[in-house]
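Both backbone and side-chain heavy atoms feed into the values below; hydrogens, waters and symmetry mates do not.
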Amino acid sequence: MRNGTRAPTTKPHDYLLPATAQQVLTQTRDQLRLLAQLTEPQGEGSPDVIYLSAQALAQCFDRLADDLDGVADAVRPSGL
């Protein structure tokens, strides 16, 4: 049993994502997975050192954020 009040049930909304935005979203996912692999520890005997400059990493995150902004802007309700 939950404590507190229950949120009213609302009808889910349907949205359309253009193919180009879907492609950007897929590429962004792949880039995040690559970053995760690059930063993953390689083993007990390997040093945890990453040779990326702060500027390069900042540019990467900034580009990913811009790409996601574009995807969010491209989403449209299906009724329009």
Side-chain angles (χ1 to χ4, degrees):
M1 180 174 253
R2 290 183 177 177
N3 291 333
T5 60
R6 180 178 241 179
T9 305
T10 59
K11 180 181 173 187
H13 299 282
D14 293 326
Y15 293 94
L16 297 175
L17 185 63
T20 53
Q22 172 68 31
Q23 181 179 6
V24 169
L25 195 56
T26 300
Q27 290 171 343
T28 301
R29 179 208 58 206
D30 294 343
Q31 291 169 3
L32 287 169
R33 285 187 176 153
L34 175 62
L35 287 170
Q37 288 175 353
L38 288 172
T39 57
E40 193 173 88
Q42 299 301 311
E44 290 185 32
S46 300
D48 279 344
V49 178
I50 301 171
Y51 297 103
L52 290 173
S53 71
Q55 181 180 4
L57 197 55
Q59 287 175 348
C60 180
F61 286 131
D62 194 43
R63 179 168 179 256
L64 290 170
D66 286 345
D67 287 348
L68 291 175
D69 279 340
V71 170
D73 289 343
V75 174
R76 298 286 177 248
S78 64
L80 295 180

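- Summarising the geometry, atom CG belonging to Asp62 is positioned 11.5 Å from atom CG belonging to Leu57; distances are rounded to the nearest 0.5 Å.
- For Arg63, the CZ atom is loosely surrounded, since the number of other residues' heavy atoms within 6.0 Å does not exceed 12.
- Considering CG of Leu35 and CD of Gln31, their distance stands at 7.5 Å, rounded to 0.5 Å.
- In terms of hydrophobic clustering, with Ile, Leu, Val, Met, Phe, Trp and Tyr side chains grouped at heavy-atom distances under 4.5 Å, Leu25 and Tyr15 are assigned to a common cluster.
- Atoms CD and CG, on Gln22 and Leu17 in that order, are 5.5 Å from each other to the nearest 0.5 Å.
- Atom CD in Gln23 sits 10.5 Å away from atom CG in Asp67 (nearest 0.5 Å).
- Residues passing the side chain to side chain contact (heavy atoms under 4.5 Å, CB included) test with Ala74, sequence neighbours excluded: Pro18, Ala21.
- With values rounded to the nearest 0.5 angstrom, Leu34 atom CG is found 8.0 Å from Cys60 atom SG.
- Distance CG/Leu32 to CZ/Arg29: 10.0 Å, rounded to 0.5 Å.
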- Query: Given Thr28 and Val71, is the side chain to side chain contact (heavy atoms under 4.5 Å, CB included) satisfied, shown in steps?
  - Reply: CA-CA 10 Å; Thr28 301; Val71 170; 5.8 Å; no

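- Hydrophobic clustering, with ILVMFWY side chains joined whenever heavy atoms are under 4.5 angstrom apart, keeps Val75 apart from Leu16.
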